[in-house]
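Quick notes on the structure that follows.
For reference, positions follow the sequence shown, starting with 1.
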Amino acid sequence: MITLTEGAFAKVNLTLDVLDRREDGYHDISSVMQAISLRDDIEIDLNTGKPWKLTCDKENVPTDERNLAWKAARVFFDALGGEPDGIEIRVTKRIPSEAGLGGGSADAAAVLRALNRHRGYPLSVYALCELGAQVGSDVPFCVLGGTALCEGRGERLTKLPDAPEIIFVICKPELSFSTPELYQKLDTVTIAKRPETTAMRAALQRGDLEEIGKNLCNVFEQVTIGEHLELNYIKSILMTYGAYGALMTGSGSAVYGIFDSFEYAAVACTMLKDNYPQVFIAKTI
């Protein structure tokens, strides 16, 4: 039996714009994404001699073929052949679910990277990203990591220069949203403010944290914050304690603030923990 290990890193959306609905029912997006150090851990046992198995240390996570990590392994072996005699995937979760942090996608990407490495890298990073697109929209970015512009459904990637070191304080409130419902809501409203992708790319290239903070923008906030003022409360705490900017990531409900100092971030984290048990500090990777 062979055991593989791989880190599964969360993502945040620095910008997120939702464009037209496509013929396949999905929407095109344009998003600058950033990989962060908050992570799950993946262990894969190959040649167990037993049926496929997936375990997770957190409840309410599917442990069958519905799990994206399982799907990723299935897609990999379907594409490259050589399925082992039994496989067990163990997921140690730290990335909160239903947060917009890409936890399931990160797990899937980690499985793809681990299996590709074990095989001696038969697929390039971008070929592995293409394989990941069969599993989920955020999987290609989670395979690539770093800083990137993601377009289409998320499968069209443009690698951007690495962001400067940014400290993130991430707060996941109890509430969660249905992503399909948020897309439907966006179809019925006029989006008042859209991200300035060019300005964000320029700010990242200069390493200008103040401008990065000013250009944080997620159109999903326009159909969530009005009904859930708690999100604005979290943003206000982050800004009060020194964040350069604060934003909901993905389709929520996690909100993050960006800092240049661990000390300020730690104070904001402490203040939020009075009301929210799921608060994390992470940094760009």
For [X], check side chain to side chain donor-acceptor pair (under 3.5 Å) against everything at least two apart and list the hits.
X: T63; result: none
X: D187; result: R21, H27
X: E155; result: none
X: D64; result: R66

side-chain contact (heavy atoms from CB on, under 4.5 Å) evaluation trace for L231 with E221: CA-CA 9 Å; L231 300 176; E221 284 194 343; over 6 Å; no
Indicate every side-chain donor-acceptor pair of residues 196-207 with a distance under 3.5 Å to a residue at least two apart or in another chain.
none

Pair up each side-chain donor or acceptor in residues 68-78 with any protein partner under 3.5 Å, not counting sequence neighbours, and list the distances.
from : atom 1 : to  : atom 2 : distance (Å)
R74  : NE     : D78 : OD1    : 3.3
R74  : NH1    : E83 : OE1    : 3.4
R74  : NH2    : D78 : OD1    : 3.3
R74  : NH2    : E83 : OE1    : 2.4

Could you work out, with ring-ring contact (aromatic ring centres under 6.0 Å, His included) as the rule, every residue matching H118, not counting sequence neighbours?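 Listed in chain order: nothing, the list is empty.
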Salt bridge (charged side-chain N to carboxylate O under 4.0 Å, His left out): pairs with one or both residues in residues 225-234, sequence neighbours excluded: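 Every pair satisfying salt bridge (charged side-chain N to carboxylate O under 4.0 Å, His left out) with a residue in residues 225-234: K185-E227.
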If you look only at pairs with a residue in residues 114-128, which of them pass as a salt bridge (charged side-chain N to carboxylate O under 4.0 Å, His left out), with sequence neighbours excluded?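 Qualifying pairs, neighbours excluded: E6-R117.
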Nearest heavy-atom pair of P173 and C171: which atoms, and what distance?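 Heavy atoms of P173 and C171 come nearest at CD-O, 3.4 Å.
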Would you say the side-chain atoms of D17 and S30 include a donor-acceptor pair closer than 3.5 Å?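 There is no such pair (donor and acceptor under 3.5 Å, judged by atom type) between the side chains of D17 and S30.
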Side-chain donor-acceptor pair present, Q34, T147, cut-off under 3.5 Å: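 Result is yes, a qualifying pair exists.
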Applying salt bridge (charged side-chain N to carboxylate O under 4.0 Å, His left out), can you list everything that pairs with D41, at least two apart in sequence or on another chain?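 In terms of salt bridge (charged side-chain N to carboxylate O under 4.0 Å, His left out), with neighbours along the sequence ignored, D41 is linked to R39, R94.
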Using a 4.5 Å cut-off on heavy atoms from C-beta on, say whether the side chain of L238 contacts that of V169.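 Heavy-atom side-chain distance check passes, below 4.5 Å.
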Side chains of C217 and R194: closer than 4.5 Å at any heavy-atom pair?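 The answer is no, as the side chains (C-beta and beyond) never meet within the 4.5 Å cut-off.
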I'd like a table of donor-acceptor pairs (distance under 3.5 Å, sequence neighbours excluded) in which one partner is a side-chain atom from residues 252-267, with atom names and distances.
from : atom 1 : to   : atom 2 : distance (Å)
S253 : OG     : K172 : NZ     : 3.3
S253 : OG     : L175 : O      : 2.5
Y256 : OH     : N13  : O      : 2.8
D260 : OD2    : Y244 : OH     : 2.7
S261 : OG     : E263 : N      : 3.1
S261 : OG     : E263 : OE1    : 3.2
S261 : OG     : Y264 : N      : 3.1

Residues 97-111 side chain polar contacts: donor-acceptor under 3.5 Å, at least two apart:
from : atom 1 : to   : atom 2 : distance (Å)
E98  : OE1    : S176 : OG     : 3.3
D107 : OD2    : K93  : NZ     : 3.3

Q222/I191 under side-chain contact (heavy atoms from CB on, under 4.5 Å): CA gap, chis, key distance, verdict: CA-CA 7 Å; Q222 296 174 50; I191 297 174; 3.5 Å; yes
Checking D45 side chain against T48 main chain: does a donor-acceptor pair fall under 3.5 Å?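 Checked: no pair found.
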Shared hydrophobic cluster, V12 / I285 (ILVMFWY, side-chain heavy atoms < 4.5 Å):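 Different clusters: V12 never reaches I285 through Ile, Leu, Val, Met, Phe, Trp or Tyr contacts under 4.5 Å.
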Check the pair F220, F177 against ring pair (Phe, Tyr, Trp, His ring centres under 6.0 Å), reporting the backbone distance first and the verdict last. CA-CA 10 Å; F220 280 124; F177 305 122; 9.3 Å; no
Looking at L16, D138, L157, V32, which hits side chain to side chain contact (heavy atoms under 4.5 Å, CB included) with C150?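 One option only clears the test, and that one is L157.
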